[in-house]
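Protein chains get the first letters and strands the later ones, always in sequence-line order, with residue 1 at the start of each.
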Amino acid sequence: MSNITRIKRFLIDEFLPDVTPEQLADDHDLLSDGVIDSLGVLKLIAWVEDHFALPVDDTDLDPNNFRSVAAIDAFITERRAQAGATVGG
Amino acid sequence: MTTRSPAPGQSATGTAPATGQSADGTDPAPLALPDAFTAHARTRPDAPALLWHERTLSYGELAHLAEAERRRLAALDLAPGEPVGVLAVKSPEAIALVLACLTERRPFLLPSPQLAPALLAALFAQAGARRVLAPLGQDAPALPAPAQAAPVPTLAAGTSFMLTTSGSTDLPKIVPLGQSAVDRFTAWAHDTFDLGPGRVVASYAPLNFDLALLDVWATLAAGGTCLLIDPAHALNARHLLTQLTRHRPHVMQAVPLAWALLTQSAGAGALDSVEHAAFTGDAIDARTLAALPALLPNAALYNIYGCTETNDSFLHRLDRLDAAALPVPIGTPLPGVRTLLAAADGTLVHGPGSGELYVSTPFQAAGYLDRSRDTGRFTTQPEGAGHGRRWFRTGDLVTRDERGLLHLTGRSDFQVKVRGVAVNTAEVERVLLTHPEVREAAVAAAPDPLTGKRLHAAVQRAPGSALNTLTLREHLARNLPRAAVPEKLAIHDEPLAKTPTGKVDRKAVLPTP
């Protein structure tokens, strides 16, 4: 299962019970229309940390990192690459 | 018949509308409603007065029923001016009982018979009505004795109808209306819509609702025929349509809910008899509004604005070609109606601008029966509003445009703070209703320890619509600030819960505690 699919599944389970994965566009702005509020962002970060075993530090808490499915996916990919680089280096 | 509209931008200091009436719209004094009815019964006894299911009652037959009720009323041991309670479901018999009260100049409280017995008992006690009457042939209601005997209120001389507010708050307020105020109103209604002999006027609202003053009472004063829609079948679109196509009314006023039912179930041109079609009492949804011109090919369409306390205050005649534009203006004041806009700091807004709407109408109550509840509602303020005039503070927030037309923007009591941002829940409802797949919408605020208030919204989507919370949220976010997008959004296929007067019940949107 791709990251995108897993992110969508989480978002739908938590915030959008009446929506299908096809209806949730990758670039849908989740913050501007209140799908996720500030508490939701915290929930999402906890899930990312837990699910992808990625520590999210305070500097990553920019809401723009969590604005859309694509943004979350990009954030995860980037953090993994950094983590990999750190481990490898 | 054309609609009379005063010059736009009418204000407290404006000139009297060019109608030949005096500045306060009080003369010439029309015939009192019971006398006008009796005159019709005497001169045209065979003319139809009421249409009720398969029955037609002539003015003569209705006068006969009313006379039997009048004798019963006269035989009661009542002090002069002592009010009675009338507990009646809409029917010819109920109308006869009210006519008897009017003829006897006996004030009467006419609450919704659907209220809980304990609430009814409290209302009758508050009105000082020792005797509660059901129409002849209907079962007398059993009401509990009120917990404590209320002091008997002093009613103003000439009080006739006592209606209740729809009770979106707790105990409904009692609104006593003077007979002369009712008569000025029925004269306006007849003058505007022609309710006289040969005309059929559909009455959709329950009898206790203030809309009946136009549908039923103005029609009987003018000599027309009132098509009574049975509230027990009012949500049955097929029944409604059958009654309307069989009896072919010329005039119909109803809440948006009724028009929504009709536009959904009737074909184009189905109500071609209607010349004047008015919606009132609630915000209309975009789809229903857009469908009205086809449903009513020969009708002038109106938005009527009024409160139980003041009766109708504004009328807006819609341009048929432009009927889909939301929100519909509430329009211009009726003849003799004065308006004020007060900004949040209490200063008056002159010309274009926004503020809370105050009105003073020739049809209004002097105050609530319980005068302690007048505070902040009936007032001689604000400053500069002129001496001696009594104003009703509507609680509605409006904007006056360059043409002098007023537009409803929300309710001052629907103003809440979400994350420190002022949000008007009525505005959120309005935006929800502009979505083409939304039929009904309700928004309410629940207290929240974190954000101040948390908004809950519920909508009914159109049949076959695949509307989901995501697309609805996008629609909201395009039209509202972020704080005004409700946190909880529920989409239903079924109609939303309604109050007894047919308005969407906002409280039902909130989670049960």
Gap separating the [atom1] atom of [X] from the [atom2] atom of [Y], nearest 0.5 angstrom:
X: B/Arg478; Y: A/Asp33; atom1: CZ; atom2: CG; result: 9.5 Å
X: B/Glu474; Y: A/Asp29; atom1: CD; atom2: CG; result: 9.0 Å
X: B/Leu470; Y: A/Gln23; atom1: CG; atom2: CD; result: 7.5 Å

Quiz prompt | Side chain, backbone, both or neither of B/Leu476 within contact of chain A (heavy atoms, under 4.5 Å) | solution = neither
Quiz item: Can you say whether B/Leu480 sits under 4.5 Å from chain A via the side chain, the backbone, both, or neither, judging by heavy atoms?
Solution: neither
Quiz item: Is a side-chain donor or acceptor of B/Arg473 paired with a backbone partner of A/Leu30 at a separation under 3.5 angstrom?
Solution: no
Self-check item: Heavy-atom contact with chain B under 4.5 Å, split by part of A/Leu11
Solution: neither
Practice problem: Specify the closest pair of heavy atoms between B/Ala477 and A/Ser32, including all atoms of both residues, with the distance to one decimal. | Solution: CB-O, 3.6 Å
